[in-house]
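Below: one structure, written as structure tokens.
These values consider heavy atoms only, across backbone and side chains, with no hydrogens, waters or symmetry-generated copies.
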Amino acid sequence: MTQAPRHPGSHARRPPPESEPALPVSVILVAGLALVQVVMSASMDSVATSVINLVEPLFGVEPARLAATMTPWLPLAVVLFVWTREQRLGLLACAVALAFATLSYLRGVIAEQLLESGSQDTALGFIDWTNWLLTALMPVGVALAWGIARRQGTRWWPGLVVAAALAVLARWLDIDPLRDGDQQLRAALAAVIYQVVPAVAGGLACWWLDVRGRSR
């Protein structure tokens with residue numbers, strides 16, 4: 001007895017969603033960026049001085065200061081452009097990362113204007129609350145830029161809260177193991193605690209939400 005022909009595709013499996021690259025590659029990239037951030041934080045004074053000395057004669061003081069502020073973000077921008085899913089997303093991610101990089105410079109410009117106008121109390125208050133704001137925004141900027149370049153769905157955005165929350169929590173707890181130690185090592189460790197760890201945790205949270213959303 002012959003079997004009735006099966007309807008084409010009646011038992012076809014739904015193709016799995018596009019997967020992320022192999023985990024070791026992502027781990028190597030994240031570890032490499034973290035190492036670059038640590039090294040640049042430990043030698044930030046010399047890096048900033050070199051950038052200012054290079055840019056100031058050509059473009060002036062303020063562009064030189066802006067360039068020095070944005071320099072630590074350049075390795076991230078390069079990786080975002082190279083490791084993006086689409087070129088347009090890579091360009092957008094680079095723009096977002098560099099936009100966040102300007103926040104510290106803009107905060108400094110505003111604080112200087114307040115001091116020059118004689119509003120010392122206002123300037124100190126502005127510096128205090130913007131310290132908290134930048135603490136939250138810096139790792140969020142990294143996780144957001146990485147998400148734009150790499151994520152595929154639309155449900156990963158809430159993971160950015162993890163980056164902000166961890167950074168603010170670390171600042172509130174005033175984590176500073178090398179308070180009385182070498183200042184360069186202290187700066188490097190602070191970069192890890194307040195920026196690298198929250199940014200990586202936020203990126204992982206976005207990745208998990210993205211995978212979970214696409215698997216439904």
Side-chain angles (χ1 to χ4, degrees), residues 29 32-84 87-120 122-149 160 163-164 167-168 171 183-184 186-196 198-200 202-203:
L29 286 174
L33 287 172
L35 179 60
V36 169
Q37 177 66 39
V38 169
V39 172
M40 295 189 74
S41 297
S43 57
M44 193 58 217
D45 289 340
S46 60
V47 171
T49 301
S50 299
V51 172
I52 291 174
N53 291 338
L54 179 64
V55 177
E56 184 176 354
L58 300 175
F59 302 102
V61 176
E62 292 305 320
R65 291 176 55 190
L66 177 59
T69 303
M70 298 177 68
T71 297
W73 289 71
L74 293 181
L76 172 64
V78 172
V79 171
L80 290 171
F81 183 75
V82 173
W83 199 246
T84 183
Q87 186 177 18
R88 62 182 182 85
L89 293 178
L91 292 173
L92 177 59
C94 290
V96 168
L98 295 179
F100 273 84
T102 65
L103 294 179
S104 296
Y105 167 77
L106 295 175
R107 191 273 296 265
V109 171
I110 296 173
E112 288 179 359
Q113 293 294 326
L114 291 173
L115 289 172
E116 290 177 0
S117 66
S119 305
Q120 183 173 0
T122 303
L124 293 176
F126 172 77
I127 292 172
D128 182 60
W129 72 261
T130 52
N131 278 337
W132 286 92
L133 182 63
L134 290 178
T135 296
L137 289 181
M138 292 299 100
V140 167
V142 175
L144 174 60
W146 188 266
I148 292 172
L160 300 175
V168 171
R171 180 173 175 80
Q183 292 304 303
Q184 288 187 333
R186 183 187 181 194
L189 184 59
V192 172
I193 295 173
Y194 292 98
Q195 297 179 26
V196 174
V200 172

Report the distance from atom [atom1] of [X] to atom [atom2] of [Y], rounding to the nearest 0.5 Å.
X	Y	atom1	atom2	result
L76	W83	CG	CH2	14.5 Å
L115	I127	CG	CD1	6.0 Å
L114	F126	CG	CZ	6.5 Å

Considering all heavy atoms of both residues, which atom of [X] and which atom of [Y] are nearest to each other, and what is their separation?
X	Y	result
L80	A97	CD1-CB, 4.0 Å
L160	V140	O-CG2, 3.7 Å
P139	Y194	CG-O, 4.1 Å
T135	V168	CG2-N, 4.2 Å
A67	V55	CB-CG2, 4.1 Å
M138	S104	SD-OG, 4.4 Å

Quiz item: Are the side chain of T84 and the backbone of F81 linked by a donor-acceptor contact shorter than 3.5 Å?
Solution: no
Practice problem: Give a yes or no answer on whether the side chain of D128 reaches the backbone of L124 with a donor-acceptor pair at less than 3.5 Å. | Solution: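 No, the answer is negative, given that no donor and acceptor are paired below the 3.5 Å cut-off.
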Quiz item: Please, which pairs that meet salt bridge (charged side-chain N to carboxylate O under 4.0 Å, His left out) have at least one residue in residues 102-119, sequence neighbours excluded?
Solution: R65-E112
Quiz item: Are any of the side-chain heavy atoms of W73 and V142 separated by less than 4.5 Å?
Solution: yes
Quiz item: Are the side chains of L98 and M70 in touch, meaning some heavy atoms are under 4.5 Å apart?
Solution: yes
